[in-house]
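Take a look at the structure below.
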Amino acid sequence: MPAPPVPSRAVAPGGAPSAELVTRLVETVSAWFDVHARDLPWRRPECSAWGVLVSEVMLQQTPVVRVEPVWREWLKRWPDAAAFAAAEPADVLRAWGRLGYPRRALRLHECARAIVERHGGEVPDDESLLRALPGVGEYTAAAVRAFAFGRRSVVVDTNVRRVLARTLSGTALPPPHPTAAERELARSVVPGFVVPGSDDAAARWAAASMELGAVVCTARSPRCGECPVAGLCAWRAAGYPGDEHTGRRRTQAWHGTDRQARGRIMALLRDAVGPVPLEAIEALEADRAQLTRCLTSLLTDGLATEDPRPDPPTYSLPSR
DNA sequence: AATTCGGGGTT
DNA sequence: AACCCAGAATT
């Protein structure tokens, strides 16, 4: 029996997709995931909830291939929240290395201490308790619930947003910033909310939809030839229309920015054996005002400490 | 709602 | 050189 024709726009703006379409999407992608899932260490059954949480924080804006080796060393060194909570901040920042956004490393450290203090060292499975932890936002809380505890939750990351935008909304890319409509659409496809399904099915869909977006339904050049749901994809049915939001996206500058300068300073402090004199930082050849500004902000963020006693003063990674 | 916050691989 | 990446916190 031939599949019914797919309308060019399967979901009206603000509307909900049919239960039949949702079921087909979820079941097909989930079945595909069972066969094609990457063997990532934080997906192993023996991986603890703490290991999952660490992976999610590291994966906030950092690609899987760069996270994996750091995650392995991290869990070997600090197997649980209590062990990590006892670490020196300087060691934490060195272990974080070049994953980027080092404030995440400090938040994860605060997070571990909060887990020890509030939850006896065990990662909570409650949404509001997770959200109350430093560095845990809407996405990460949902992801931990799904991946560490197998609980039903609405996991909406950049991959899921793109998969839903294409398959159900028929657009090349989701809006630049997540909208309430997207969250509602994401919720409506999770097994157990609108369409029936178990917690296990919901958690499996969360992992599967993310994986499809990461591996097949990619931002740049999607591999539609390998996509299990190409046959029901509204974007494909519409003839791959271009991105409506193109041009409005902010191109984030890098060269000469404070972010780059901060990164250079942090690299210097990480690699230093002892305290770094101000002169060594000034030798990074950015302009003086910028270095001063960045140094001040790093001190404010707790990413560096200053010893004003020597002249010139010296700077180091923070200690407790 | 808009900004800030790294860094590196891909196109 | 622009784009992208399992986002969160702050303003």
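Just so we're on the same page: letters track the sequence lines, and every chain starts at 1. As the structure is a prediction and not an experimental result, all values here were calculated from the model.
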Using the P atom as the point on both nucleotides, what is the distance between dG8(B) and dA8(C), in whole Å? 23 Å

Between dA6(C) atom P and Tyr101(A) atom OH, what is the distance in whole Å? 13 Å

Closest listed nucleotide, where the reference is the side chain of Leu173(A) and the choices are dT3(B), dC4(C), dG7(B): dC4(C)

Tell me every residue that passes side-chain contact (heavy atoms from CB on, under 4.5 Å) with Tyr240(A), counting only those two or more places apart in sequence or in another chain. Cys224(A), Trp235(A), Arg236(A)

In whole angstrom, give the distance that lies between atom CG of Leu212(A) and atom P of dC5(C). 14 Å

Run the salt bridge (Lys or Arg N to Asp or Glu O under 4.0 Å) check on Arg152(A) and Asp200(A) step by step: do they pass? CA-CA 7 Å; Arg152(A) 175 180 301 117; Asp200(A) 280 352; over 6 Å; no

Donor-acceptor pair under 3.5 Å, Arg259(A) side chain vs dG6(B) base: yes

Salt bridge or not between Arg131(A) and Glu127(A)? Use side-chain N to carboxylate O under 4.0 Å. no

Across all chains, not counting sequence neighbours, the side-chain contact (heavy atoms from CB on, under 4.5 Å) partners of Ala37(A) are Phe33(A), Arg43(A)

Separation of Arg104(A) atom CZ from dA6(C) atom P, in whole Å? 12 Å

Ala19(A) meets the side-chain contact (heavy atoms from CB on, under 4.5 Å) criterion, sequence neighbours left out, with Val195(A)

Using 30° and 60° as the class boundaries, would you call the ring planes of Trp74(A) and Trp78(A) parallel, tilted or perpendicular? perpendicular

Can you find a donor-acceptor N/O pair under 3.5 angstrom joining the side chain of Thr158(A) to the base of dG7(C)? no

Can you give me the closest heavy-atom contact between Arg166(A) and Thr171(A), atom names plus distance? CG-O, 3.2 Å

Could you pull out all residues at least two apart from Val57(A) that satisfy side-chain contact (heavy atoms from CB on, under 4.5 Å)? Leu53(A), Gln60(A), Trp96(A), Arg104(A), Leu108(A)

Presence of salt bridge, Asp126(A) and Arg145(A), under 4.0 angstrom: no

Does Arg223(A), at its CZ atom, have more than 12 non-hydrogen atoms belonging to other residues, nucleotides or ligands within less than 6.0 Å? no

What nucleotide among dC5(B), dA6(C), dC5(C) has an atom nearest to a side-chain atom of Arg262(A)? dC5(B)

With sugar-phosphate meaning primed atoms plus P, OP1 and OP2, does Leu40(A) contact a base, only sugar-phosphate, or nothing at under 4.0 Å between heavy atoms? base

Every protein N/O lying under 3.5 Å from an N/O of nucleotides 8-10 of chain C:
unit_1	atom_1	unit_2	atom_2	d
dA8(C)	OP1	Gly137(A)	N	3.0
dA8(C)	OP1	Thr140(A)	N	2.9
dA8(C)	OP1	Thr140(A)	OG1	2.6
dA8(C)	OP2	Tyr139(A)	N	3.3
dA9(C)	OP1	Gly135(A)	N	2.7

Which value, in whole Å, describes the distance between the P atoms of nucleotides dA6(C) and dC5(B)? 23 Å

Measure CG/Leu53(A) against P/dA6(C) and give the value in whole Å, please. 18 Å

Counting only N and O atoms by type, is there a donor-acceptor contact under 3.5 Å from the side chain of Arg162(A) to the main-chain atoms of Gly213(A)? yes

Interface with DNA chain C, restricted to residues 70-81 of chain A and to heavy atoms under 4.0 Å: none

Considering only heavy atoms, which members of residues 110-117 of chain A lie under 4.0 Å from some atom of DNA chain B? none

Kindly indicate, with the supporting measurements, whether the criterion side-chain contact (heavy atoms from CB on, under 4.5 Å) is fulfilled by Gln260(A) and Arg264(A). CA-CA 6 Å; Gln260(A) 184 185 39; Arg264(A) 283 202 187 117; 3.6 Å; yes

Apply side chain to side chain donor-acceptor pair (under 3.5 Å) to Arg293(A) and list each qualifying residue two or more places apart in sequence or on a separate chain. Asp258(A)

More 5' along DNA chain C: His255(A) or Phe147(A), using each one's nearest nucleotide? His255(A)

Please compare Arg264(A) and His177(A) by the position of their nearest nucleotide in DNA chain B and report the one closer to 5'. His177(A)

If I take atom CG in residue Leu93(A) and atom P in nucleotide dG7(B), what distance separates them, rounded to the nearest angstrom? 11 Å

Could you write out each protein N or O paired with an N or O of nucleotides 9-11 of chain B at a distance under 3.5 Å?
unit_1	atom_1	unit_2	atom_2	d
dT11(B)	O4'	Arg220(A)	NH1	3.0

Counting the atoms with a prime plus P, OP1 and OP2 as sugar-phosphate, which does Ala219(A) contact under 4.0 Å by heavy atoms, base, sugar-phosphate, or nothing? sugar-phosphate

Which parts of residues 41-51 of chain A get close to DNA chain C, meaning a heavy atom less than 4.0 angstrom away? Trp42(A), Arg43(A)

Residues joined to Leu268(A) in its hydrophobic cluster, side chain to side chain under 4.5 Å directly or through other members, sorted by chain and number, are Leu93(A), Leu106(A), Ile265(A), Met266(A), Leu269(A), Val276(A), Leu278(A), Ile281(A), Leu284(A), Leu291(A), Leu295(A), Leu298(A), Leu299(A), Leu303(A), Tyr315(A), Leu317(A)

Whole-Å distance between dC5(C) C1' and Trp254(A) CH2? 14 Å

Ion pair Arg107(A)/Glu110(A), N-O distance below 4.0 Å: no

In whole Å, what is the span from the CZ atom of Arg145(A) to the C1' atom of dA6(C)? 17 Å

Show the nearest heavy-atom pair for residues Tyr101(A) and Gln61(A), with the distance to one decimal. CE1-CB, 3.8 Å

Show me the pairs that pass salt bridge (Lys or Arg N to Asp or Glu O under 4.0 Å) and involve residues 167-183 of chain A, at least two apart or across chains. Glu138(A)-Arg183(A), Arg161(A)-Glu182(A)

How long is the line joining CG of Leu59(A) and C1' of dG7(B), in whole Å? 15 Å

